[in-house]
Amino acid sequence: MNEPTPNETSKNFIELEIEKDFANKPVLAGKKVATRFPPEPNGYLHIGHAKSICLNFGLARTYGGTCNLRFDDTNPTKENDEYVQSIMADVQWLGFQWDALYYASDYFEQLYQWALQLIRDGKAFVCDLSSEQMREYRGTLTEPGKNSPFRDRSVEENLDLFQRMKAGEFPDGARTLRAKIDMAAHNLNLRDPVMYRIMHAHHHRTGDKWCIYPMYDWAHGQSDSIEGITHSICTLEFENHRPLYDWFCQTLGIYHPRQMEFARMNLSYTVMSKRKLLQLVTEKHVEGWDDPRMPTISGLRRRGYTPESLHLFCDRIGVARFNSTIDVIVLENSVRDHLNSIASRYMAILDPIKVVITNYPDSTEYLGAVNNPEDESAGTRQLPFSKELYIEREDFMENPPSKFFRLKPGGEVRLRYAYIIRCEEVIKDASGNIVELRCTYDPDTKSGSAAASERKVKGTIHWVSAQHASSVKVRLYDRLFLNENPEDVPAGKTFLDNINPNSVQVVQAFVEPELAKQEPGTRVQFERNGYYCVDTKDSKPGQPVFNRIVTLKDTWAKIAAKS
RNA sequence: UGCCCCGUGGUGUAAUUGGCAACACAAGGGAUUUUGGUUCCUUUAUUCUAGGUUCGAGUCCUAGCGGGGUAGCCA
């Protein structure tokens with residue numbers, strides 16, 4: 001995998017607690033760490049899920065335990081198989097394989113039997129309150145609620161009604177099954193929470209078999225219990241649900257996993273909520289869930305991010321209970337670090353200016369080039385060199401500042417892997433735009449020659465031979481949002497107002513011949529520019545489309561900005 | 001305005017559970033470099049505040065301040 005070695009210096013609080021539990025809790029004797037990744041199949045996975053995936057599967061890996069993939073499919077109106085398929089693909093792409101694949105819907109019958117048990121024990125009742133009424137009865141953050149007038153129905157009546165709910169006798173919303181806990185509890189989740197609601201909806205797996213569906217709280221802990229999960233790890237917003245998770249397991253008298261919460265990831269210049277990501281897609285602000293600008297796993301994959309770079313990123317951000325925002329720079333540097341070690345280097349000119357070497361013959365010469373200075377096994381290649389070249393427009397300045405080490409009138413620069421050239425003449429069109437540079441080369445400075453090592457120039461620039469170059473489409477991606485926190489908007493505005501209007505720029509670039517042959521999915525470095533990936537959707541044989549993954553660090557841009 | 005959770009360099013996490021505040025990333029400075037990339041060296045903290053316990057407090061106690069979660073028949 002050639003994965004950068006992660007920082008393994010310290011354990012996170014979850015690992016510490018797991019180790020403590022296994023040392024102290026008799027119920028865990030002889031067991032192995034068992035976790036699960038439990039997405040609801042109602043959207044595509046994003047980078048925040050990657051954190052959870054790396055955590056859950058990583059825990060199983062480091063402790064020699066297991067991790068299941070479980071689809072939390074208890075709300076058929078929002079879920080479908082397209083999402084199921086994409087989630088499985090994303091988890092596997094990240095390099096993880098689940099020990100078992102389950103769906104909460106696998107447990108619908110067992111959950112129903114357990115509900116019957118609670119009713120018989122007098123711990124659950126059928127309630128006829130409408131959702132509005134239930135809200136009134138619930139009380140507020142500061143005031144206790146009142147008991148439902150249906151709370152004291154007999155066990156027989158509850159049993160009868162609940163079975164008829166299941167049989168489909170009542171319309172959506174007519175009744176619910178609720179746990180009988182405490183309407184005065186400080187934790188609102190304990191104020192007789194709903195366990196089942198009536199929904200005459202088609203489920204992507206169970207079809208029309210059910211018209212009552214369990215709520216998250218009634219399904220999750222028991223699903224964990226059935227699977228023998230030792231540590232049920234979720235995000236901080238479920239913290240207030242833990243007492244209910246515990247109550248159900250205890251009241252049912254079943255194996256009781258431990259729920260632990262960690263902080264969800266926030267990334268600067270990014271929105272992460274499924275609702276907003278969905279909106280970006282449906283309102284066509286992006287081209288789809290896998291648009292290379294999306295923070296979805298599929299978007300990052302298409303952009304060119306590697307699984308290893310995402311693992312590196314997750315190692316770097318850590319796991320804690322503090323709500324923090326990660327600078328997107330950390331993500332960008334993670335992929336730079338990985339790609340630096342694996343990506344072959346090529347030369348590409350995105351914004352060309354023609355260079356004519358007046359004293360060079362009308363012939364082609366082939367020059368040796370190193371594919372990856374970080375990896376000798378990447379080998380070498382031959383580059384065609386000729387009289388007419390393209391260089392990057394920004395590598396020439398007519399009136400440069402003192403620290404500009406590139407080409408200038410009368411100045412010298414090395415052409416990477418080739419010769420040192422001198423700019424003799426600047427050709428302009430009628431309106432004063434520079435259209436061509438006339439240069440001379442020094443034949444004694446050929447790369448690799450003994451004489452070449454004696455001549456030093458400050459700058460080395462990249463180039464392509466005009467007659468040998470291919471023209472390819474390159475998409476230069478930038479951040480999707482202008483603001484560090486896109487959701488931070490004045491009244492009347494939305495996060496959509498913070499969209500970067502220039503988040504993608506498409507250019508036609510001149511590239512060295514090798515580059516036109518690259519296969520979809522291949523990641524390369526355009527020397528002195530950035531990392532690019534051959535798009536997997538829009539490329540055609542011999543006609544690759546390149547997505548910019550991330551630019552190279554640009555120290556010169558900082559220097560130039562200062563002066 | 002209840003209940004719950006959380007405050008450690010610029011950012012994100014550590015600190016053998018009461019014993020010299022560390023690591024990574026970023027930023028600044030320098031060296032190397034045929035990528036202004038990479039690599040190497042180097043510089044960056046009254047641990048939110050105020051009290052208290054203690055030989056000793058980031059860690060324990062009290063009060064305050066600040067941030068987050070929570071009133072779906074969503075997850």
Side-chain angles (χ1 to χ4, degrees), chain A residues 6-7 9-13 16 38-40 42 72-75 77-79 127 129-131 134-136 138-145 172-178 185-189 191 193-199 212-213 215-217 219-220 234-243 261 263 268 274 315-327 329-330 333-334 336-337 340-341 345 347 370 373-374 403-406 413-418 420 445 447-448 452-453 456-462 525-530 551-560:
Chain A
N7 167 26
T9 50
S10 60
K11 291 170 177 156
N12 62 48
F13 79 98
L16 257 17
E40 182 188 14
N42 68 341
D72 221 333
D73 55 351
T74 56
N75 186 352
T77 61
K78 294 187 175 175
E79 301 152 3
C127 183
L129 253 26
S130 69
S131 54
M134 203 181 290
R135 185 162 54 242
E136 288 161 21
R138 187 157 35 232
T140 68
L141 291 175
T142 54
E143 300 156 330
D172 288 5
R175 297 181 212 268
T176 56
L177 183 73
R178 301 175 67 182
H186 287 299
N187 184 331
L188 302 240
N189 291 124
R191 317 245 261 226
V194 172
M195 294 161 59
Y196 277 97
R197 73 286 215 188
I198 300 172
M199 267 199 257
I212 55 170
Y213 288 95
M215 297 288 290
Y216 166 85
D217 289 301
H220 205 91
C234 59
T235 45
L236 241 26
E237 64 270 26
F238 291 102
E239 203 174 1
N240 295 335
H241 292 244
R242 190 178 352 127
E261 311 85 16
S268 63
K274 276 186 186 170
D315 284 335
R316 286 178 177 174
I317 64 176
V319 177
R321 287 173 66 81
F322 176 67
N323 281 304
S324 58
T325 299
I326 310 293
D327 196 325
I329 287 173
V330 179
N333 279 317
S334 296
R336 277 193 191 105
D337 284 354
N340 177 53
S341 63
R345 274 65 167 167
M347 298 209 277
V370 173
E374 307 292 317
K403 285 179 183 157
F404 186 81
F405 301 148
R406 285 114 91 146
V413 75
R414 169 168 290 283
L415 294 177
R416 182 110 160 118
Y417 296 123
I420 290 174
T445 59
S447 275
S453 50
K456 294 284 179 197
V457 286
K458 277 277 196 176
T460 299
I461 64 173
H462 57 107
Q525 183 193 102
F526 288 0
E527 288 221 32
R528 301 208 307 132
N529 182 296
T551 62
L552 249 31
K553 281 184 189 165
D554 191 351
T555 309
W556 165 244
K558 285 178 194 167
I559 297 169

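Just the heavy atoms: all of them, side chains too, but no hydrogens, waters or symmetry mates, feed the values below. Protein chains get the first letters and strands the later ones, always in sequence-line order, with residue 1 at the start of each.
For B/rG36, one of the phosphate oxygens OP1 or OP2 lies less than 4.0 angstrom from a side-chain nitrogen or oxygen of A/R528. Dashed line: the shortest gap from a side-chain N or O of A/K274 to OP1 or OP2 of B/rC74 is not under 4.0 Å.
Straight-line distance from the CZ atom of A/R321 to the P atom of B/rG7: 9 Å, rounded to whole Å. Rounded to whole Å, the distance from CZ on A/F238 to C1' on B/rC4 is 16 Å. When rounded to the nearest whole Å, the span between CD1 of A/I198 and P of B/rC73 equals 14 Å. For the pair A/E374 CD and B/rU38 C1', the interatomic distance rounds to 5 Å; values are reported in whole Å. For A/N42 and B/rC74, the CG to C1' distance is 9 Å, given to the nearest whole Å.
Here A/H241 lies in heavy-atom contact (under 4.0 Å) with a base. Heavy atoms of A/I326 sit under 4.0 angstrom from primed sugar atoms or phosphate atoms, though from no base atom. Contact annotation for A/Y196: no contact, since no heavy-atom pair falls under 4.0 Å across all strands. Nucleic acid contact for A/V457: none, since no nucleic acid atom lies under 4.0 Å from a heavy atom of the residue. Nucleic acid contact class of A/R416 (heavy atoms, under 4.0 Å, all strands): base. At a threshold of 4.0 angstrom between heavy atoms, the contacts of A/T140 include nucleobase atoms, whether or not backbone atoms are also involved.
Residue side chain A/E239 does not reach the base of B/rG68 through any donor-acceptor N/O pair under 3.5 Å, judged by distance alone. A donor-acceptor contact under 3.5 Å links the side chain of A/R414 to the base of B/rU34. Taking only distance into account, the side chain of A/R197 never meets the base of B/rG72 through a donor-acceptor pair shorter than 3.5 Å.
A/Y417 places a side-chain N or O within 3.5 Å of a backbone atom of A/V370 that can act as its donor or acceptor partner.
Pair check for B/rC23 finds B/rG12; Watson-Crick or G-U wobble, both atom distances under 3.5 Å. In this entry B/rU1 has no Watson-Crick or G-U wobble partner, no candidate having both defining distances under 3.5 Å. Base pairing annotation: B/rU49 forms a Watson-Crick or G-U wobble pair with B/rA63, both donor-acceptor distances under 3.5 Å.
In this structure B/rG9 sits in the anti conformation; its chi angle is more than 90° from 0. In this structure, B/rU17 is classed as syn because its glycosidic torsion stays within 90° of zero.
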Evaluation steps, ring-ring contact (aromatic ring centres under 6.0 Å, His included), between A/F404 and A/W556: CA-CA 8 Å; A/F404 186 81; A/W556 165 244; 5.7 Å; yes
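Stacking here means ring centres nearer than 5.5 Å and ring planes tilted less than 30 degrees, and by that measure A/W556 stacks onto B/rG36. Stacking between A/F405 and B/rG36 is shown: the ring centroid lies under 5.5 Å from the centre of the six-membered base ring, and the planes differ by under 30°.
In terms of heavy-atom proximity, A/P38 sits nearest to A/D72 at O-CB, 3.8 Å.
Tested against A/I461 for a side-chain contact (heavy atoms from CB on, under 4.5 Å), the candidates A/R528, A/M347, A/E527, A/R416 yield a single pass: A/R528.
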